[in-house]
Amino acid sequence: MQNYDHKKIEKKWHEIWARDKLYQADLDKAKKPFYNLMMFPYPSAEGLHVGNMYAFVHSDAYGRFMRLRGFDVFEPIGLDGFGIHSENYAIKIGEHIKDVSARTEKHFYDQLHMIGNGYDWSRTVETYKPDYYKWTQWLFLKMHEKGLAYRKKSSVNWCPSCKTVLSDEQVIASKCERCDSETEKKQMEQWFWRITDYAEKLLKNLDVMDWSEEVKTIQRNWIGKSVGAIVKFQISNYKSQINSKFKIQNSKFFLEVFTTRPDTLFGCTYMVVCPEHPLITNYELRIKNYAEVMNYAEQAKKKSDLERTDLAKEKTGVKIEGLSAVNPVNNEEIPIFVADYVLAGYGTGAIMAVPAHDERDFEFAKKYGLQIKEVAAPFLRDNPKEGKETERRDVVTVIVKNPQNNTFLCLNWNTTEWKSFPTGGIDGQDLVEAAKREVKEETGYKNLKFIKQLGDSIYAEFYRPHKDSNVMANFKYLFFELKNKEQANVLRKEKEQHEAIWIKEENVESFINVWNQKIAWKRLVYGDFAYCEEGININSGFLNGLETKEAKEKMIKWLEEKGLGRREVVYKLRDWCVSRQRYWGPPIPMVYCEKCAHSAGSGHGWHPVPEKDLPILLPEMDDFLPDGSGKGPLNKVKDFVNTTCPKCGGPAMRETDVSDPFVDSCWYYMRYLCTEFTDKALDKERLKKWMPVNMYIGGKEHSVLHLLYSRFVNMVMRELGYAPAEEPFKCFRAHGLLIRDGAKMSKSKGNVVNPDEYIEKFGADAVRMYLMFLGDMRQGGDWRDSGINGMRRFINRVWNLADEVARKTTNKPKCLKNTHKTIKKVTEDLENLKFNTAIAAIMEYVNYLQAATKKNNTVNKDVVEVLVKLLAPFAPFMSEELWRELGHKESVFKEKWPEYDPELVKDKIINLVVQVNGKLRDTIEVPADISEEEAKKAALESEKIKKWIAGKKIVKVIFVKGKLVNIAVK
RNA sequence: GGGGAUGUGGCGGAAUUGGUAGACGCGCUAGCUUCAGGAGCUAGUGGCAGCAAUGUCGUGAGAGUUCAAAUCUCUCCAUCCCCACCA
């Protein structure tokens, strides 16, 4: 027989499968619906990227597996063709986007067809066709109807190259996601979707969702929930007002801030507002250096995001003279600054600065000489024993430097593992005196010069075995210099406990092993730093002694009682800016009426287009280039712009922005199910039967874009009664990146794999299997041209093996054990999306069958049938051909997946591993169910083992059932 | 700076409820067959020592827990990804 002729066979089955509508699910009658979805591609003129193909073949193999397991699998495909990417490409090559789209559509669908995925070709969607975007516009109307689409003027991301605004999610490190240009901030009025209303739900549902953990983490971070408090600071411009009775409600005289650390309010020594803050203009007349402040604010606003967020840059700011604030907990008057390290878009755009406990505030305070007040002392609860009494103690730790030779006095303890500085109780004494006394008692040195105290307190709670009680110690740290080496006598008792040694400065940090002393040492060597962890409150009035968590609660309660603040939750997530000043997208279905805007009671003049007037067709335009005016290209088409007001019937203007391409893709998975309905976007019954999607496989680059938007829109669709569940994708798995020869593929490097070439040369089955064999789907893979030969060889081997044994039916096969083991392995691997090891198992099995065939004719037709079914998800063309060759009339994909016999899978005889001290020394054949005693006996009787244990004492013998015996000897 | 992931032969990668490290494939070596093959078959293939049996070392580095560690704990190093002055 000849080698497998992929061209002939692929062509044949493409035709027959299409004729028989093999992959068309009956969406209404399906008994066991299984919605197998892959992320539809964004078509580019270069053709389908092999990275997409990588994801698709895995997804398809899973779909085919589910099909064989008896599910009615719906596996649709489409094209996400609207958008800046396609449009930019068309501009670049000087063609019209419509022509480019028509061409890429054909190319993409050809390629998707070639690879042999089981798509339902009767239900494709293309986002740029009016029968789809009509309903995208409908979606906009629904959002508007629900009050979730609104217009607002705010600071938005502007890409100067794409000449449009972008959503926050489309700006990566201040650069445009599409073209990599640096983005700017612009004040513009735009359409937004109120995704923030769903922030909590989007966050909470993640906890129970069956999604890749990595993607869940990315979404959690993006949503960015912070729990804290709003605090109101009274604004004052002269002292006498501090205690005057401003009405709380009159917020004009208050500056509100958000903080996650209300427990540190006593440490707030100044405030900062962002350059955009209204405080600056509201208080224009009172600000003495108004020109200077405004100048700073204007400069900051002009800066690009990249400049403003450059972390290496030193913090800058200007003190607002003439205004000050009052810290509500201690009535201290504190200065207010304007600085660009405070962001307008988060919290209230103003902060209370606590330099002792926030790195940014610390840096700023150092630079401008502001007060740094420690209010949270470091605290470690170091395994105190439960049920024991806890004694409070004030303790002093003394760091003594010998300036003669730069050494420091340390104690090496004999009774414990401590290596420390001299330390002891204060017992009500003066700190300095207590420190001197302690050094003298423990080491004898008595002539010390006090230099300074290091920080405030550090607390530790721990168990003292020698006293069988717990201690809650409050440590203070004093720094001395040694005047001379004169020593007093040291009691023997002290000497027995520890030895005093002088350690060189550079070795102290590694020598000391007591955590709190390490902090003190750092303060001495590196200076003060902001302590940002939790701790115990000090210098904090009514919060003193409380741990951070309790202090937060108590402070919030206090603020609420006084009307000075409240508990508050803040999210980083911001509303989704959906306007785009471009051509290639669905026109936003809104109309602006000047007359209505000015007539009383008509609101802002914006009206939705009535549903019956949809779609608003994208007008033909020869020159569709964006002009950067802030208006989209559609603004140039007068016929399009001029319309009548749906409300008053007067002249009105259409919105000329189109919507974000991610609006197209946030609902496509629902439309797949409803493509035949021309009178409605979605059919509730359909969605009820098929949603949510059972398995969704795609790239994690969409973690905060498509996947978050889809969840949001699905939630809204559920509230409107369309979607049956809150979450659209029951199970989502992210695939890894496909690279080539260890490097990322890119056009500029010229190392992009063109799948067409390889399909042509090696056949779709070989390409599919090779892509799935490269490694774990979740990890990605490394494509090497040399490897695909091996896969093609494997395909030929199977082809020839099947040919050889296809007609053998008489003798009973002896290879059942291996067959059933392989069924088990492949089944379990496919369930867990471990395609690579499933293929490896099949390869191993084929190797075995080949050898067995040569040896003793134990392989027959029944065995090959199982093999063909196991291969079907991976290599559909060859499997189908072989299945029919074996004499079947129906498609292999209408067959049932083979079941394994659990009895046959079990080994009766096993190789028992015998180890000595954990090292493999022998394996012996024993019955699988061998008892512990017998196994140990057999192990000890082994000649090889005897050699290893001769003359040694057997300490222990471990037995692991069905696996091993380990003999521990001495 | 924060979060996440990864690190195993010449290469892609298996093995993580702790229990025979290197499955499967590529490549390489030898033999057979063809002999024009980028074809097929058979055997071998982690390093070191040895003819061999076998021994010994070995999963980024170092320590620890354990009868037993690629797998668990700690410290460090490297690479990649995401977020980034988020109060």
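Note on naming: letters A, B, ... go to the chains in the order of the sequence lines (proteins, then strands), and numbering restarts at 1 for each one. Because the structure is predicted, anything quoted here is derived from the model rather than measured.
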Query raised in the report: Quick one: on RNA chain B, does A:Gly781 or A:Leu964 contact a more 5' nucleotide (nearest heavy atom)?
Result: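 Taking each residue's closest nucleotide, the earlier one in sequence belongs to A:Gly781.
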Nearest to the side chain of [X], heavy atoms from C-beta on, is which of [options]?
X	options	result
A:Trp222	B:A84, B:C85, B:A87	B:A84
A:Arg793	B:U20, B:G27, B:G13	B:G27
A:Leu343	B:G13, B:U56, B:C85	B:C85

Query raised in the report: So, does the side chain of A:Gln915 form a donor-acceptor pair with the base of B:G19 at under 3.5 Å?
Result: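 Indeed, a donor on one side and an acceptor on the other fall under 3.5 Å apart.
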Query raised in the report: With a 3.5 Å cut-off and just heavy-atom distances, do the side chain of A:Lys572 and the base of B:C83 make a donor-acceptor pair?
Result: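 Looking at the base of B:C83, it does not pair with any donor or acceptor on the side chain of A:Lys572 (distance under 3.5 Å).
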Query raised in the report: Which residue pairs satisfy the side-chain hydrogen bond (donor to acceptor under 3.5 Å, both in side chains) criterion with at least one member in residues 917-931 of chain A, sequence neighbours excluded?
Result: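 Pairs touching residues 917-931 of chain A that pass the test: A:Asp922-A:Ser942, A:Ser931-A:Glu934.
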Requested in this report: Using a 4.5 Å cut-off on heavy atoms from C-beta on, say whether the side chain of A:Leu206 contacts that of A:Met209.
Outcome: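 A side-chain contact under 4.5 Å exists here.
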Separation of [N] [atom2] from [X] [atom1] (nearest whole Å):
X	N	atom1	atom2	value
A:Lys944	B:G55	NZ	C1'	13 Å
A:Ile739	B:C80	CD1	P	12 Å
A:Leu774	B:A23	CG	P	18 Å
A:Glu804	B:C41	CD	P	11 Å

[Y]/[X] salt bridge by N-O under 4.0 Å criterion:
X	Y	result
A:Lys936	A:Glu933	no
A:Asp340	A:Lys313	yes
A:Arg220	A:Asp207	yes
A:Asp168	A:Lys572	no

Requested in this report: Determine if the base of B:G9 is syn or anti; take syn to mean the glycosidic torsion is within 90° of 0.
Outcome: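 Judged by the O4'-C1' to base torsion, B:G9 sits in syn, the angle falling within 90° of 0.
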Query - Ranges pairing with ranges for RNA chain B, where each run has three or more Watson-Crick or G-U pairs under 3.5 Å - result: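 In RNA chain B, stems of three or more pairs: B:1-7 with B:77-83, B:10-12 with B:24-26, B:27-32 with B:40-45, B:46-49 with B:54-57, B:60-64 with B:72-76.
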Requested in this report: Taking ring-ring contact (aromatic ring centres under 6.0 Å, His included) as the test, write out the residues that go with A:Phe364, two or more places apart.
Outcome: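 With neighbours one apart ignored, the set is A:Tyr270, A:Phe337, A:Tyr341, A:Tyr368.
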Query raised in the report: ring-ring contact (aromatic ring centres under 6.0 Å, His included) with A:Phe794: which residues, sequence neighbours excluded?
Result: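 Result, ring-ring contact (aromatic ring centres under 6.0 Å, His included) vs A:Phe794: none returned.
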Query raised in the report: With A:Lys834, which residues qualify under salt bridge (Lys or Arg N to Asp or Glu O under 4.0 Å), at least two apart?
Result: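 So A:Lys834 forms no salt bridge (Lys or Arg N to Asp or Glu O under 4.0 Å) with any residue.
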Query raised in the report: Does A:Asn847 have a side-chain nitrogen or oxygen under 4.0 Å from the phosphate oxygens OP1 or OP2 of B:G25?
Result: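 For A:Asn847, the contact criterion (side-chain N or O under 4.0 Å from OP1 or OP2 of B:G25) is met.
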Query raised in the report: When you check the phosphate oxygens OP1 and OP2 of B:A87, does a side-chain N or O of A:Ser226 lie under 4.0 Å from one of them?
Result: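 Yes, because at least one side-chain N or O of A:Ser226 sits under 4.0 Å from OP1 or OP2 of B:A87.
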Query - Interatomic distance at C1', B:G58 relative to B:A49, whole Å - result: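 Taking atom C1' in both B:G58 and B:A49, they lie 15 Å apart.
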Query raised in the report: Between residues 949-960 of chain A and RNA chain B, which residues have a heavy-atom gap below 4.0 Å?
Result: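 Hits under 4.0 Å, by residue number: A:Lys956, A:Ile958, A:Val960.
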